[in-house]
Amino acid sequence: MTRDKSTIRAVEDNASVDSQARRAPSSSGDAQLSSSNGVDTGVSSIALNASFGGGLDAPRPTLSLGVLGTDSDVEVMLRVKAGDEDAFGFLVQKYRRAMVHFMFRTTRTQAAAEDLAQEVFLRVYRSRQSYEASAKFTTWLYRIATNLAINHARDTKNERPENTVSVDAKNEETGQSFDVPDGSLTAEQNLVRRERLMAIRAKVLALPDKQRIAVLMHKYQGLDYKQIAEVLKLSESATKSLLFRAYETLREQLKEFV
Amino acid sequence: MKCDEVGEMLPDLAAGLAKPSDAMKEHLQACAPCAARLQQFRQTMALMDEWEAPELSPYFDTRLQARLREEKVAEASRGRGWFAWLPRPAIAMAAALVLAIGVGIWVYSTHGSGTGNMVAIAPPPVQPNASAERGTAVSDLQTLDSDNDLYADFDVLDDIDSQQNAQPTTN
């Protein structure tokens, strides 16, 4: 598919990345927002690979700066709408990690998280013809992801007793454990650490839907108040208040672990 | 500044999202409960950092590609609308041809090749007492009827034998 360089213009920033960049440096010893929001930011320097597959170690499909200039996700999505499969591959590569991480913190297993993340991209693909560049792409993406995550949580409500979540459960494919024991700690310390992780997970999962999603987007995905407000269709002040209540709950409930 | 005003900013301050203003700094230095809450928020944020997400499985892309292929096929089917139920045209044509040949062979073998004309032949009327074609259900029933008659004859013979044996010898 030919790309019309002259018509390309920047209409949207990479929200997650920018929100990280906007963050004021914290003082030493302060808690940080997650250092990695899962968005592959280094995807704007080499040429686009037609297939987004090829394994995780394959060269990242990216859009060439020479072709796109100051490219934006909205612009890329409009290309997808026009039938550019490569552009879709670019978006998948850019956001797949972020989506899996987001879904992982709303589900019990990595397999379910990856399945849901794939479903997000399939819905993006299905909706490409009706896509309107009226909002940021990330807002649209996270709205899809949020709907899926909340529906999944409701569907599996009876299957996810928070107290029985096992941090030892290994991924069937990768063999990785949710919690890899820290070799520098004693067995007892590792046990305490596991309990702490389970508590964090359980307390976050036990938050009301909107609070939980807001915390995940704010704390782990690096979205700012404005973006979260757009995703949840709330005002910024309501979002701020929502997040404050959620963090207050977590502060109270996790007090014994700090 | 009041505690309420500072309170809402504490998560952002603890997360490093915002820097405290001078007024806020003054309040935090003067208000021990707010300073303590800020410290707790910092500890909570640090604790939450421990919850890390794992790396993607190596099959993520492969699976997504497979699902995307299925999606494209489904889209193509939806696009055909009325004829969506049909498989590919070549397959449909081949199936129709095979069906036509099969029907032709059946007609040829049933009615023979010497008739020349394709005339519909009505089945012969069934005669009530005519013996049915062997192997059919009617034939089996007729066989059972005749067997019953035979068994009845055997019973009569058995009765005669037993009567003869029962008569005493006169010698």
Side-chain angles (χ1 to χ4, degrees), chain A residues 22-27 29-35 38 51-56 58 88 92 96-97 100-102 104-105 110-111 113-115 117-119 121-122 125-126 171 173-174 176 178 193 196-197 200-201 204 215 218-220 224 240-241 243-244 247-248 250-251 254-255 257-258, chain B residues 3-21 24-25 28-29 33-79:
Chain A
R22 281 196 295 272
R23 302 231 147 109
S26 61
S27 59
D30 281 358
Q32 298 285 319
L33 284 195
S34 180
S35 57
S51 165
F52 61 82
L56 301 179
F88 180 69
V92 170
R96 61 182 184 165
R97 197 166 265 108
V100 170
H101 287 184
F102 178 68
F104 176 75
R105 292 189 174 99
Q110 186 180 358
E114 294 196 352
D115 194 50
Q118 287 167 2
E119 186 60 33
F121 290 116
L122 285 176
Y125 187 79
R126 263 179 225 142
N171 184 296
E173 291 158 0
T174 62
Q176 291 176 339
F178 168 67
R193 183 169 168 269
R196 211 164 51 221
L197 278 175
I200 296 166
R201 186 178 171 130
V204 173
V215 165
H218 184 254
K219 171 70 183 155
Y220 296 108
D224 58 24
K240 207 170 181 179
S241 177
L243 272 166
F244 179 73
Y247 283 127
E248 266 288 285
L250 292 174
R251 183 180 68 85
L254 293 172
K255 204 181 284 184
F257 296 98
V258 296
Chain B
C3 291
D4 288 348
E5 291 173 310
V6 175
E8 279 213 343
M9 290 297 295
L10 291 180
D12 274 0
L13 289 177
L17 283 170
K19 278 186 171 179
S21 64
M24 210 178 287
K25 278 180 185 171
L28 288 170
Q29 282 172 352
C34 282
R37 276 177 78 195
L38 175 61
Q39 183 58 24
Q40 285 174 356
F41 270 122
R42 282 184 175 145
Q43 289 170 332
T44 305
M45 293 290 182
L47 190 66
M48 291 174 74
D49 282 340
E50 288 187 31
W51 187 16
E52 293 175 347
E55 278 303 301
L56 274 70
S57 79
Y59 310 109
F60 181 85
D61 284 344
T62 312
R63 282 186 184 150
L64 180 54
Q65 281 178 327
R67 292 179 72 176
L68 196 60
R69 276 196 298 274
E70 287 173 11
E71 180 62 29
K72 286 174 183 171
V73 170
E75 270 188 4
S77 298
R78 284 194 295 271

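Proteins come first, then strands; the chains are lettered A, B, ... in the order of their sequence lines, and each starts at number 1.
Annotation: maximal heavy-atom pairing with chain B below 4.5 Å, among A/Glu119, A/Lys240, A/Lys255, occurs at A/Glu119. Chain B forms more heavy-atom pairs under 4.5 Å with one residue of A/Leu122, A/Leu254, A/Val100 than with any other, namely A/Leu122.
A donor-acceptor pair under 3.5 Å links the side-chain atoms of A/Tyr220 to the main chain of B/Met48, judged by distance alone. Judged by distance alone, the side chain of A/Arg96 and the main-chain N or O of B/Leu56 form no donor-acceptor pair under 3.5 Å. Without hydrogens or angle criteria, A/Gln118 side chain to B/Arg67 main chain gives no donor-acceptor distance under 3.5 Å.
Ring geometry for A/Phe104 versus B/Trp51: interplanar angle of 30 to 60°, hence tilted.
Inspection of non-hydrogen atoms places B/Gly7, B/Glu8, B/Met9, B/Pro11, B/Asp12 of residues 5-12 of chain B under 4.5 Å from chain A.
Of all the heavy atoms in A/Arg193 and B/Glu50, the pair that sits closest is CG-OE1, 4.2 Å.
Considering only residues two or more places apart in sequence or on other chains, B/Glu70 meets the side chain to side chain contact (heavy atoms under 4.5 Å, CB included) condition with none of them. Residues passing the ring-ring contact (aromatic ring centres under 6.0 Å, His included) test with A/Tyr125, sequence neighbours excluded: A/Phe88. Applying the salt bridge (Lys or Arg N to Asp or Glu O under 4.0 Å) rule to B/Lys25 yields no partners; only residues at least two apart in sequence or on another chain are considered.
Proximity to chain B involves both the backbone and the side chain of A/Arg251, based on heavy atoms less than 4.5 angstrom apart.
The shortest distance between side-chain heavy atoms of B/Glu55 and A/Arg97 falls below 4.5 Å. The closest side-chain heavy-atom distance from A/Phe257 to B/Gln43 is not below 4.5 Å.
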